[in-house]
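What follows is one structure encoded as structure tokens, with my remarks underneath.
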Amino acid sequence: MSTQPTADIDENGSMDHPSRSDGFVRGAAELIGGPLGDHAVALDRPAGRERRFWTAARIVLALMCLTLALHWVQKSPCQDGAWQNNVQYTRMCYTDVLALYYAEGLNEGKVPYADHPVEYPVLTGYFMGALGLPVHALGVDNPGINQGQWFYNLNALVLSALAVATVAVILSLRRRRPWDAALFALSPALVLTATVNWDLLAVGLAAFGLLAWARRRPATAGVLLGLAGAAKMWPLFILGPILVLALRAGRLRAALTAAATAAVALIVVNLPVAIPYRESWERFFDLNTTRPIDWGTLWYIGRYLDGRISPSQPGDLGPFEWLNAHISALNWLSYLLFGLACLGVAALALLAPRRPRLAQLAFLVVAAFLIFSKVWSQQFVLWLLPLAVLARPRWGAFLAWQFAEVCYFAAFYGELLGAATTRPVFPEGVFVLAASLRLITVAVLCGFVIRDILRPERDAVRDTYADDPDGGVLDGAQDAPWYQRWRHPSAAVHPAETVTA
């Protein structure tokens with residue numbers, strides 16, 4: 001399952017050039033004289049004859065390293081842990097990684113789950129312990145070192161390696177479109193949130209899971225997606241699109257293999273904690289069940305609008321404020337809306353004129369989860385980044401979304417500083433506006449992806465590839481005979497067109 005991204009083009013086709021194929025980039029290129037001509041640099045030479053050192057893939061990897069270095073600098077004011085005068089908010093450098101080294105008892109040598117309940121899924125807890133306990137042991141023998149700073153930098157190093165690996169995976173999945181990976185590598189949201197939490201652990205594992213599926217290794221893909229789901233829950237949602245697409249293509253055996261191995265991996269990772277330390281293991285579920293409406297969500301925006309659109313009598317609760325006071329109802333409504341969105345995505349997959357690509361459906365499902373969730377933390381943008389790149393590699397809408405994420409990031413820290421000092425930095429409406437802008441841009445991206453599914457001739461990836469480069473056993477497969485009979489009952493299916501599982 002190689003991720004080697006050395007060649008700019010695939011032996012079966014030419015490399016995509018955004019200055020020609022992407023309207024936004026083509027327009028921006030006019031500022032520097034327009035797109036490169038065919039003879040400026042041998043752009044379309046065969047891969048085997050490529051001799052330039054600075055290939056597109058290597059440039060993207062270098063840009064990824066530059067972005068991570070900028071992120072480290074952005075977080076540097078907080079690395080010593082001496083957060084005086086709310087420096088973590090005024091410099092916008094707060095990170096859970098450093099704060100939870102102390103909050104989770106790692107600085108005292110406490111083993112996650114065994115000695116202290118952890119608020120995250122077990123693989124994230126394992127990861128925290130695997131890096132935190134050696135730092136604590138080193139600090140015992142060397143009391144002069146700053147354990148929190150060592151812990152943060154060790155985590156930053158490993159998480160950065162996972163970010164680079166994710167870019168390498170995108171490059172491997174898009175060998176004819178290497179510049180697509182630059183969307184991830186140059187993401188402003190990545191600069192700001194890469195190590196706010198441990199989300200890159202799940203992102204990296206999920207990326208390798210998608211690569212394994214694309215390389216037609218469903219069992220390996222399931223294991224990797226199961227491990228990713230043991231770090232953060234969202235990668236498990238990718239299994240849904242795999243199953244629906246496999247159903248349409250008549251390739252259920254591979255999809256069920258992936259789902260089964262994902263379940264096995266998830267169980268194997270959880271059992272060592274769930275059995276002996278059940279209460280600690282349940283903390284993640286208890287916390288998410290009992291949490292009220294969190295900042296920046298659809299529900300938070302609704303709470304703000306309660307009483308402003310239709311003022312109520314003193315003491316009366318608007319609909320969103322009522323939901324915040326009745327967490328169980330909020331949970332069920334959130335689950336219901338997400339479930340309906342998933343059914344909508346499944347219907348889209350079955351009714352689309354051409355079978356959608358896996359990345360398109362995966363993006364829609366994860367985006368729907370965030371849109372209807374009662375928690376949408378600043379670093380959750382990392383969940384969508386690789387899926388957005390694979391689903392719709394167009395620069396214009398992507399940069400608009402990134403602009404909205406940067407605005408939300410700044411507004412979020414203003415809100416945090418106001419809460420810490422009890423002196424508002426700006427009116428709450430500014431924060432609500434930033435949250436609304438983020439929500440709207442994600443919804444617009446979803447709309448563009450849906451349009452590309454309904455009108456596959458608009459799909460940028462299918463301008464370069466015949467079908468779905470991420471599809472694995474689905475790539476190039478015809479629709480199953482049952483599906484053809486259902487969609488075209490008057491047409492007979494020729495025996496030669498039958499597809500086996």
Side-chain angles (χ1 to χ4, degrees), residues 67-110 112 115-120 124 127-129 131-160 188-200 287 291 294-296 300 375-382 405-428 430-431 434-435:
T67 293
L68 293 169
L70 291 174
H71 171 77
W72 186 86
V73 171
Q74 196 272 326
K75 288 289 180 276
S76 60
C78 285
Q79 289 182 22
D80 61 3
W83 295 351
Q84 302 295 324
N85 300 317
N86 293 308
V87 66
Q88 71 273 31
Y89 303 144
T90 59
R91 305 293 287 274
M92 303 183 188
C93 59
Y94 172 83
T95 167
D96 286 332
V97 174
L98 184 56
L100 294 181
Y101 179 70
Y102 300 99
E104 300 290 356
L106 294 168
N107 65 311
E108 301 172 9
K110 293 183 178 180
D115 300 324
H116 190 275
V118 178
E119 62 182 270
Y120 298 113
T124 298
F127 188 82
M128 294 164 60
L131 298 185
L133 296 178
V135 169
H136 167 71
L138 180 65
V140 171
D141 296 331
N142 301 274
I145 73 169
N146 185 326
Q147 292 186 34
Q149 188 169 13
W150 275 64
F151 178 69
Y152 170 77
N153 281 298
L154 183 57
N155 276 271
L157 183 64
V158 177
L159 294 173
S160 295
L190 187 63
V191 174
L192 298 173
T193 66
T195 62
V196 168
N197 201 280
W198 290 274
D199 294 77
L200 280 175
L287 181 64
R291 286 180 76 162
D294 203 15
W295 288 3
Y300 184 91
V375 179
W376 192 344
S377 299
Q378 53 175 319
Q379 73 276 7
F380 289 1
V381 61
L382 299 174
E405 291 285 354
V406 171
C407 290
Y408 179 78
F409 181 85
F412 178 75
Y413 275 95
E415 197 79 352
L416 283 173
L417 182 60
T421 61
T422 66
R423 296 192 303 273
V425 175
F426 41 66
E428 186 183 10
V430 173
F431 176 67

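Along the sequence shown, the residues carry numbers beginning at 1. Treat the numbers as computed from the prediction; the structure is a model and nothing was measured.
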Any chance you could measure [X], atom [atom1], to [Y], atom [atom2], to the nearest 0.5 Å?
X      : Y      : atom1 : atom2 : result
Met128 : Phe151 : CE    : CZ    : 6.0 Å
Arg291 : Glu119 : CZ    : CD    : 7.5 Å
Leu138 : Leu133 : CG    : CG    : 12.5 Å
Leu154 : Gln147 : CG    : CD    : 12.5 Å
Thr124 : Asn197 : OG1   : CG    : 7.5 Å
Gln149 : Ser76  : CD    : OG    : 9.5 Å

Worksheet item: With a 3.5 Å cut-off and no angle check, do the side chains of Tyr101 and Asn155 form a donor-acceptor pair?
Response: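 The criterion, which ignores hydrogens and geometry beyond distance, is not satisfied for Asn155 and Tyr101.
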Practice prompt. Classify the side-chain pair Asn153/Trp72 by whether it contains a donor and acceptor separated by less than 3.5 Å.
Written response: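 Yes - a donor-acceptor pair under 3.5 Å links their side chains.
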Where the side chain of [X] meets the backbone of [Y], is there a donor-acceptor pair that is under 3.5 Å apart?
X      : Y      : value
Lys75  : Leu70  : no
Asn146 : Gly148 : yes
Thr193 : Gln378 : no
Ser377 : Gln379 : no
Glu405 : Leu190 : no
Trp295 : Tyr300 : no

State, yes or no, whether a side-chain contact exists between [X] and [Y] at a heavy-atom distance under 4.5 Å.
X      : Y      : answer
Ser160 : Leu200 : no
Val381 : Tyr408 : no
Glu104 : Lys110 : no
Trp198 : Leu100 : yes
Tyr413 : Leu192 : no

What closest approach, in Å, do [X] and [Y] show between heavy atoms, and which atom pair accounts for it?
X      : Y      : value
Glu415 : Glu428 : OE2-CG, 3.8 Å
Pro77  : Asp80  : O-OD1, 4.0 Å
Leu106 : Pro112 : CD2-CG, 4.0 Å
Thr195 : Thr95  : O-OG1, 2.6 Å
Ala194 : Leu68  : CB-CD2, 4.4 Å
Ala434 : Ala411 : CB-CB, 3.7 Å

Fill in: Phe380 and Val375: CA distance, side-chain angles, deciding distance, side chain to side chain contact (heavy atoms under 4.5 Å, CB included) verdict
CA-CA 9 Å; Phe380 289 1; Val375 179; 4.1 Å; yes
Item to complete: Would you mind telling me which of Ile145, Asn142, Leu131 makes a side chain to side chain contact (heavy atoms under 4.5 Å, CB included) with Trp150?
Response: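 Among Ile145, Asn142, Leu131, the one meeting side chain to side chain contact (heavy atoms under 4.5 Å, CB included) with Trp150 is Ile145.
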Worksheet item: When you look at CG of Asn85, are more than 12 heavy atoms from neighbouring residues, nucleotides or ligands closer to it than 6.0 Å?
Response: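 Count not over threshold, so no.
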Worksheet item: Where do Trp376 and Asp294 land on the side chain to side chain contact (heavy atoms under 4.5 Å, CB included) test, with the steps shown first?
Response: CA-CA 7 Å; Trp376 192 344; Asp294 203 15; over 6 Å; no
Item to complete: On the 0 to 90° scale, with breaks at 30° and 60°, tag the Tyr94-Tyr89 ring pair as parallel, tilted or perpendicular.
Response: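 Rings of Tyr94 and Tyr89: tilted, as their planes differ by 30° to 60°.
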Discussion item. What verdict does the side chain to side chain contact (heavy atoms under 4.5 Å, CB included) test give for Phe127 and Leu159, after you've listed the backbone C-alpha separation in whole Å, the side-chain angles of each residue and the deciding distance to 0.1 Å?
Written reply: CA-CA 11 Å; Phe127 188 82; Leu159 294 173; 4.3 Å; yes
